[in-house]
Amino acid sequence: LPLADRLARYVVEGTKDGLFADLDEALMSSPPLDIINGPLMDGMTEVGRLFNRNELIVAEVLQSAEVMKAAVAYLEPHMEKSGTHSKGRLILATVKGDVHDIGKNLVEIILANNGFDVVNLGIKVAPEQLIQAVREHRPDMIGLSGLLVKSAQQMVVTADDFRHAGIDLPLLVGGAALTKKFTLTKIANQYDGPVIYAKDAMEGLDFANQLMN
Ligand code: B1M
């Protein structure tokens, strides 16, 4: 199999046998982010498709997620880093009810490598925890991730709770079930500050940079 197909296959099959040697080979010709956004993401998309058709069970999807995480961790030291002083602080969380964290952690890596101070609160983070963290860490912006359809709705609830707590910091949102339209209508409607939708981690970085300039 060609290298890109082999990389996607590790994710689909949930196996690490040969993964790191192939990642080394890929690094010789591609930047780490291209490897993640290309073949590894293709593998994850295929996992989602097979899962949807009941051809994979949750335990298998979990193994695929482990491989994806291991690959991202292996590539991370090879990513470009810029800036030593902090450009700003962001608190980041996957919303209440949602355990998906690969995309969120990618956002963390990319922002942290580009000079942001990221406080990652983890998964299933309730609005009260977020509000508490805003008071404790005094961030410049808040990042919310969520992949389930119900997580998009949870973001609306969270934005509304922020509003009642007097929080109007820039809110960066992302995740598979979200759209720009939903963000600008439903979420922004419940919030007093700016709400920005990022389709991927790089777009998240672009917006974070713009906000701090
Ligand atoms: Co789940 N899952 N899952 N899952 N899972 C999806 C999301 C699903 C689309 C699969 C499917 O049915 N085809 C589906 C959601 C359906 C829906 O609501 N629309 C689904 C389901 C149904 C479920 C369960 C309910 C299954 C069950 O138990 N019956 C369950 C939910 C549990 C819960 O959350 N309460 C569940 C569980 C799991 C696992 C635990 C097994 C595992 C997650 C492991 C983990 O994250 N640690 C898992 C996985 C791996 C997936 C798929 C296959 C892959 C997700 C992923 O990691 N993608 C997914 C199908 C798919 O997306 N193709 C699926 C790679 C990652 C890099 O992309 O997170 O989208 P993503 O992040 C992107 C962008 O979205 C964006 O940037 C990233 C790229 O740069 N982004 C941001 C994300 N957050 C951002 C924040 C930002 C900016 C950009 O700023 C703050």
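Residue numbers start at 1 and run along the sequence shown. Both ligands and their constituent atoms are indexed starting at 1 by order of listing.
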Task: Under 3.5 Å: N/O of V173 near N/O of ligand 1 - done: no
TODO: Would you mind checking which non-hydrogen protein atom is closest to atom 90 (O) of ligand 1, with the distance to 0.1 Å?
DONE: L172 CG, 3.7 Å
Task: Exercise check, heavy-atom protein proximity under 4.0 Å to atom 52 (C) of ligand 1 - done: no
- [ ] Give the atoms of ligand 1, by number and element, whose distance to some non-hydrogen atom of V107 is under 4.0 Å.
- [x] 82 (C), 85 (C), 86 (C), 87 (C), 88 (C), 89 (C)
- [ ] Would you mind telling me if ligand 1 is within reach of the side chain of A201, the backbone, both or neither, using heavy atoms under 4.0 Å?
- [x] both
Task: Of the listed options G146, G43, A65, S145, closest to atom 84 (N) of ligand 1 (non-hydrogen atoms) - done: S145
Task: E80 atom CD: more than 12 heavy-atom contacts under 6.0 Å - done: no
Open item on the list: Can you report which non-hydrogen protein atom sits closest to atom 35 (N) of ligand 1, along with the distance?
Closed with: G97 O, 2.9 Å
Open item on the list: Regarding atom 76 (C) of ligand 1: of the candidates M44, K199, Q63, which has the closest heavy atom?
Closed with: K199
TODO: Kindly confirm or rule out an N or O of L62 lying under 3.5 angstrom from an N or O of ligand 1.
DONE: no
Open item on the list: Can you report which non-hydrogen protein atom sits closest to atom 12 (O) of ligand 1, along with the distance?
Closed with: N52 OD1, 3.4 Å
Task: Side chain, backbone, both or neither: M41 near ligand 1, heavy atoms under 4.0 Å - done: side chain
TODO: Say whether G143 and ligand 1 are in contact under the criterion: heavy-atom distance to a ligand atom below 4.0 Å.
DONE: yes
Open item on the list: Distances under 2.8 Å only: what protein N/O/S atoms are near atom 1 (Co) of ligand 1, ordered by chain and residue?
Closed with: H100 NE2
Task: Donor-acceptor contact present, side-chain R89 to main-chain F116, <3.5 Å - done: no
Task: Nearest-contact summary for atom 81 (N) of ligand 1 - protein heavy atom, Å - done: G175 N, 3.7 Å
Task: contact_flag A177 ligand 1 heavy-atom lt 4.0 Å - done: no
TODO: Flag the pair E66 and K69 as a salt bridge only when some basic side-chain nitrogen lies within less than 4.0 angstrom of an acidic carboxylate oxygen.
DONE: no
Task: Side-chain heavy-atom pair L3, D22 within 4.5 angstrom cut-off - done: yes
Open item on the list: Any protein heavy-atom neighbour for atom 74 (C) of ligand 1 (distance below 4.0 angstrom)?
Closed with: yes
Open item on the list: Testing the 3.5 Å rule here: is there a donor-acceptor pair between the side chains of N120 and K104?
Closed with: yes
- [ ] Return the residue, atom name and 0.1 Å-rounded distance of the protein heavy atom closest to atom 18 (O) of ligand 1.
- [x] V149 N, 2.9 Å
Task: T94 side-chain N/O to H100 backbone N/O, donor-acceptor pair under 3.5 Å - done: yes
- [ ] Ignoring hydrogens, just give me the one of A176, A198, A208, G103 whose non-hydrogen atom is nearest atom 88 (C) of ligand 1.
- [x] A198
Open item on the list: Listing request: all ring pair (Phe, Tyr, Trp, His ring centres under 6.0 Å) pairs with a residue in residues 19-46, at least two apart in sequence or in separate chains.
Closed with: F20-Y74
Task: Within-4.5 Å side-chain heavy-atom neighbours: V118 and I109 - done: no
Open item on the list: Under a 3.5 Å distance rule, please check whether N189 uses its side chain to pair with a backbone N or O of T185 as donor and acceptor.
Closed with: yes
Task: Contacting atoms of ligand 1, where contact means under 4.0 angstrom from a heavy atom of I102 - done: 46 (O), 57 (O), 67 (C)
Task: Flag: protein heavy atom within less than 4.0 Å of atom 8 (C) of ligand 1 - done: no
Open item on the list: Suppose I only count heavy atoms of L106 and a 4.0 Å limit; which atoms of ligand 1 are within that range?
Closed with: 80 (O)
Open item on the list: Quiz question: by atom type and distance under 3.5 Å, do the side chains of Y191 and D168 form a donor-acceptor pair?
Closed with: no
Open item on the list: When you compare the side chain of L147 with that of D98, does any pair of heavy atoms fall below 4.5 Å?
Closed with: yes
Open item on the list: Protein heavy atoms near atom 32 (C) of ligand 1, is at least one of them under 4.0 angstrom away?
Closed with: yes
Open item on the list: Using a 4.0 Å cut-off to any heavy atom of D98, which atoms of ligand 1 qualify?
Closed with: 34 (O)
Open item on the list: Residue-level breakdown please: for K69 versus ligand 1, do any non-hydrogen atoms fall below 4.0 Å on the side chain, on the backbone, on both, or on neither?
Closed with: side chain
Open item on the list: Is there a polar contact between ligand 1 and D101, counting only N or O atoms under 3.5 Å apart?
Closed with: yes
Open item on the list: Heavy-atom contact check, 4.0 Å cutoff: does E203 meet ligand 1?
Closed with: no
Open item on the list: Checking the side chain of D5 only, and the main-chain atoms of L1 only, is there a donor and an acceptor separated by less than 3.5 Å?
Closed with: no
TODO: Report the residues that fulfil side chain to side chain contact (heavy atoms under 4.5 Å, CB included) with K150, sequence neighbours left out, ordered by chain and then residue number.
DONE: L148
Open item on the list: I need the contact type for I36 against ligand 1. Using non-hydrogen atoms and a strict under-4.0 Å cut-off, is it side chain, backbone, both or neither?
Closed with: neither
Task: Verify atom 43 (C) of ligand 1: protein non-hydrogen atom under 4.0 angstrom away - done: yes
Task: Within residues 201-213 or reaching into it, pairs that qualify as side-chain hydrogen bond (donor to acceptor under 3.5 Å, both in side chains) - sequence neighbours excluded - done: K87-N209, K199-E203
Task: Shared hydrophobic cluster for L205 and V107 (ILVMFWY, side-chain gaps under 4.5 Å) - done: yes
Task: Note, L92 side chain near S145 side chain (heavy atom, < 4.5 Å) - done: no
Task: Check: L90 and V119 side chains under 4.5 Å, non-hydrogen atoms - done: no
Open item on the list: Check whether Y10 reaches the backbone of G18 with its side chain - one donor and one acceptor, N or O, closer than 3.5 Å.
Closed with: yes
Task: Test: E13 and R6 ion pair at under 4.0 Å - done: no
